[in-house]
Amino acid sequence: MNRFSNTRPGCCGSGLPVSSRRDFLRRAGLGMGGLALGSLLDGETRAESPTIDPRNPLAVRPPHISAQVDRMIFLFQYGSPGQMDTFDYKPELQKRDGQPLPDSYKNDPKTAFVASIADKLMASPFGWKQRGQSGLWVSDLLPHMAECVDDMCVIRSMVSGSNNHAPSALELNTGVLIEGKPSMGSWLTYGLGSENQDLPGYVVLYEVGSYGGPGNWGNSFLPAAFGGVRFRDQGDPVFDLTPPDPYAASQRATIDLVQALNGEHQRDRVGHPELESRIASYELAYRMQAAAMDVGDLSGESTATRQLYGIDDEATARYGRKCLLARRLIERGVRVVQIYNGVADPKDGWDAHADLKGNHEFNARATDKPTAGLLKDLKSRGLLERTLVVWCGEFGRTPHSDGGRGRNHNGLAFSMWMAGGGVRGGTALGATDELGLHAVENPHTVHDLHATILTAFGMRPDDLFHEHNGRPERLTGVAGSSKVIPGVIR
């Protein structure tokens with residue numbers, strides 16, 4: 001028996017019910033119309049991806065909307081400092097030192113990962129005070145940063161997508177937990193270019209290897225001009241920057257010859273942006289020799305400035321030089337400078353699984369004074385008004401000890417701060433529970449952080465995209481999946 005017993009064959013011999021066939025055609029027509037309408041609406045509401053001149057990829061491009069800042073210095077505290085030891089005061093944790101974690105945490109699905117942990121709660125080994133006119137709580141671990149709290153917006157309810165260093169570091173820098181996506185600095189220079197055409201638009205300063213490696217500052221599928229370029233704070237700022245003496249005098253002539261040959265090669269290969277970009281890179285490299293040597297020469301800085309950054313103190317000299325170099329770079333129009341806190345052993349930064357007090361004191365001793373010096377210097381020079389300064393690690397730490405006197409990884413909550421142009425200074429946003437284990441008030445993802453930073457730069461997060469493999473890729477992920485953190489930007 002024909003299972004379509006209530007139908008008759010159609011003109012095309014489909015055997016489909018007439019009603020089904022008509023319904024199919026009607027739906028198909030509506031679907032095509034919907035696609036066309038969606039395409040039209042998309043064209044009306046979504047901005048075009050940036051138009052990049054391969055011969056001058058770092059040319060300044062206008063923002064989507066009015067911008068609060070032009071430049072950013074990102075102070076990445078990799079290894080992750082404990083939020084309850086820096087900017088998130090937890091008096092209840094201080095009271096419960098040595099006690100077991102309450103059962104309510106073990107029974108809560110959000111904190112279920114602690115159910116099998118037998119370690120006891122561990123109070124912060126540092127004292128706390130309210131600082132500045134705003135009265136924000138800051139640990140005694142960071143006395144110099146505490147002097148700058150009225151310029152800071154502290155966010156106490158950040159969450160990470162992982163409890164492991166490498167994925168969380170990649171997420172913080174690229175928006176995803178795996179390698180293969182452009183970094184935040186790359187996106188910013190892709191969208192806005194740079195105000196200095198003789199230096200890279202995105203500079204990275206670090207001493208030791210970072211969790212996740214170069215994927216944290218790479219350009220991925222964006223043009224190579226937008227990748228982070230490593231500078232050093234001692235010696236030549238860039239490796240192999242200057243030619244050997246026997247070749248220095250003829251270098252300009254050599255470059256001219258190479259470029260002439262490249263031009264001949266290009267004439268038969270019109271419309272190859274990669275080739276044009278490579279040709280442009282030779283000129284940038286040549287111009288960068290003089291500009292980079294100038295910006296890297298700290299000898300002309302005053303004694304007062306050197307003392308402000310702690311450059312003449314062995315404990316703070318390395319990080320201090322990085323912070324001072326960052327100021328000199330953004331002063332010259334570089335769009336993004338990122339500093340990694342790792343300056344010596346322990347090479348894992350703030351990752352304090354055993355001796356939290358010793359680890360955090362070491363890292364704070366190296367970075368606290370230079371960080372405060374950077375903020376004060378930027379402010380005194382009028383640079384802080386248009387510069388965004390960001391301080392954070394890749395995740396937080398647990399309120400209980402980790403087998404000794406350390407803390408374990410914790411992606412459920414971490415603290416960070418932002419200062420500078422457009423930022424509401426002297427404020428604290430969000431909150432964690434009474435022990436600091438997880439964010440309970442206005443939790444925010446890394447995508448929200450990125451959306452906030454892009455907005456400060458005058459970029460609409462959903463409209464900063466690059467077509468890759470047939471889809472629009474963004475720092476903030478799928479359109480509509482991020483939100484600006486309320487209360488950060490004025």
Side-chain angles (χ1 to χ4, degrees), residues 77-102 104-106 108 110-111 113-114 117 119-131 135-143 145-146 149 152-160 163 165 168 172 341 348-365 367-368 371 391-417 427-444:
Q77 307 305 300
Y78 79 84
S80 295
Q83 65 274 20
M84 64 286 295
D85 301 301
T86 51
F87 293 99
D88 193 4
Y89 179 43
K90 292 299 170 187
E92 189 65 25
L93 179 62
Q94 301 302 100
K95 295 177 186 176
R96 297 194 181 201
D97 185 37
Q99 296 180 18
L101 192 71
S104 58
Y105 286 82
K106 298 178 181 180
D108 186 340
K110 295 178 182 177
T111 55
F113 78 98
V114 300
I117 297 176
D119 297 297
K120 303 296 190 294
L121 294 173
M122 187 176 78
S124 175
F126 311 109
W128 289 79
K129 295 185 185 70
Q130 289 181 283
R131 317 285 181 148
L136 292 184
W137 287 95
V138 183
S139 159
D140 292 345
L141 179 69
L142 305 170
M145 282 190 229
V149 291
M152 297 177 182
C153 176
V154 179
I155 306 170
R156 296 172 174 157
S157 55
M158 294 300 303
V159 297
S160 172
N163 277 342
H165 290 291
S168 291
L172 182 70
N341 64 285
D348 293 333
W350 298 85
D351 192 25
H353 286 275
D355 179 14
L356 179 131
K357 187 173 186 296
N359 169 281
H360 276 30
E361 285 179 342
F362 176 88
N363 281 277
R365 177 82 172 90
T367 64
D368 179 39
T371 300
W391 183 97
C392 67
E394 63 267 32
F395 48 53
R397 309 203 79 85
T398 57
H400 49 272
S401 63
D402 183 22
R405 298 300 294 173
R407 299 195 192 279
N408 212 328
H409 307 168
N410 178 19
L412 297 178
F414 67 96
S415 292
M416 60 163 295
W417 58 257
T427 58
L429 304 175
T432 54
D433 64 88
E434 62 182 3
L435 301 180
L437 180 61
H438 69 114
V440 295
E441 180 184 308
N442 299 323
H444 289 288

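Just so we're clear, the structure is a prediction, and the values are computed from it rather than from any experiment.
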His360 side chain vs Gly82 backbone, donor-acceptor pair below 3.5 Å = yes

Quick one: list whatever passes side-chain hydrogen bond (donor to acceptor under 3.5 Å, both in side chains) with Ser80, sequence neighbours left out.
-> Glu394

Ring centroid separation His409 to Phe395 under 6.0 Å | yes

Find out whether Leu121 and Leu101 are in side-chain contact, i.e. whether some heavy atom of one side chain is under 4.5 Å from a heavy atom of the other.
-> yes

Give the intermediate values and the outcome of side chain to side chain contact (heavy atoms under 4.5 Å, CB included) for residues Met152 and Arg131.
-> CA-CA 11 Å; Met152 297 177 182; Arg131 317 285 181 148; over 6 Å; no

Carefully, step by step, assess Phe87 and Leu142 under the rule side chain to side chain contact (heavy atoms under 4.5 Å, CB included).
-> CA-CA 9 Å; Phe87 293 99; Leu142 305 170; 3.7 Å; yes

Identify, with sequence neighbours excluded, every residue that meets salt bridge (Lys or Arg N to Asp or Glu O under 4.0 Å) alongside Glu361.
-> Lys357

Donor-acceptor side-chain pairing of Ser139 and Asp85 below 3.5 angstrom | no

Passes side chain to side chain contact (heavy atoms under 4.5 Å, CB included), Gln130 versus Leu136? Steps please.
-> CA-CA 5 Å; Gln130 289 181 283; Leu136 292 184; over 6 Å; no

Check salt bridge (Lys or Arg N to Asp or Glu O under 4.0 Å) between Arg405 and all other residues, then give those that pass, not counting sequence neighbours.
-> none

Going by distance alone, is a donor N or O of one side chain under 3.5 Å from an acceptor N or O of the other, for His353 and Asp402?
-> yes

Measure the spacing between CD of Gln83 and OG1 of Thr398 and express it to the nearest 0.5 Å.
-> 8.5 Å

Kindly indicate whether the side chain of Ser124, heavy atoms from C-beta on, has any atom under 4.5 Å from the side chain of Leu93.
-> no

Minimum heavy-atom distance Asn163-Ser168, with the two atoms named = N-OG, 4.3 Å

Beyond-backbone contact of Arg407 with Met122, side-chain heavy atoms, under 4.5 angstrom | yes

Can you tell me how far the CD atom of Gln94 sits from the CE atom of Met84, to the nearest 0.5 Å?
-> 10.0 Å

Roughly how far, to the nearest 0.5 Å, is CG of Asp88 from CH2 of Trp128?
-> 6.5 Å

Minimal heavy-atom distance between Gly436 and Asn410, with the atoms involved, is O-ND2, 4.1 Å

For the residue pair Leu435 and Lys90, establish whether any side-chain heavy-atom pair is separated by less than 4.5 Å.
-> no

Between Asp97 and Ala123, what is the shortest heavy-atom contact and its length?
-> OD1-N, 2.9 Å

Given side chains that start at C-beta, do those of Trp391 and Val154 come closer than 4.5 Å, heavy atoms only?
-> no

Answer whether the closest heavy-atom distance between the side chains of Pro81 and Asn363 falls below 4.5 Å.
-> no

Would you call Asp368 and Pro143 a side-chain contact if the rule is heavy atoms closer than 4.5 Å?
-> yes

Spacing of Ser157 atom OG and His438 atom NE2 [to the nearest 0.5 Å] | 12.0 Å

Inter-residue atom distance Thr371.OG1 - Gln77.CD, 0.5 Å rounding | 6.0 Å

Among side-chain atoms of Thr367 and Asn341, is any donor-acceptor pair under 3.5 angstrom?
-> no

Identify the two heavy atoms, one from Asp433 and one from Leu437, that lie closest to each other, and give their separation to 0.1 Å.
-> OD2-N, 2.9 Å

Any side-chain heavy-atom pair from Pro102 and Arg96 closer than 4.5 angstrom?
-> yes

Scanning both residues in full, the closest heavy-atom pair of Arg397 with Trp350 reads NH1-O, 3.7 Å

Minimal non-hydrogen separation, Cys392 against Phe414, with atom names | CB-CE1, 4.5 Å

How long is the gap from CG on Asp348 to CG on Asn359, to the nearest 0.5 Å?
-> 9.0 Å

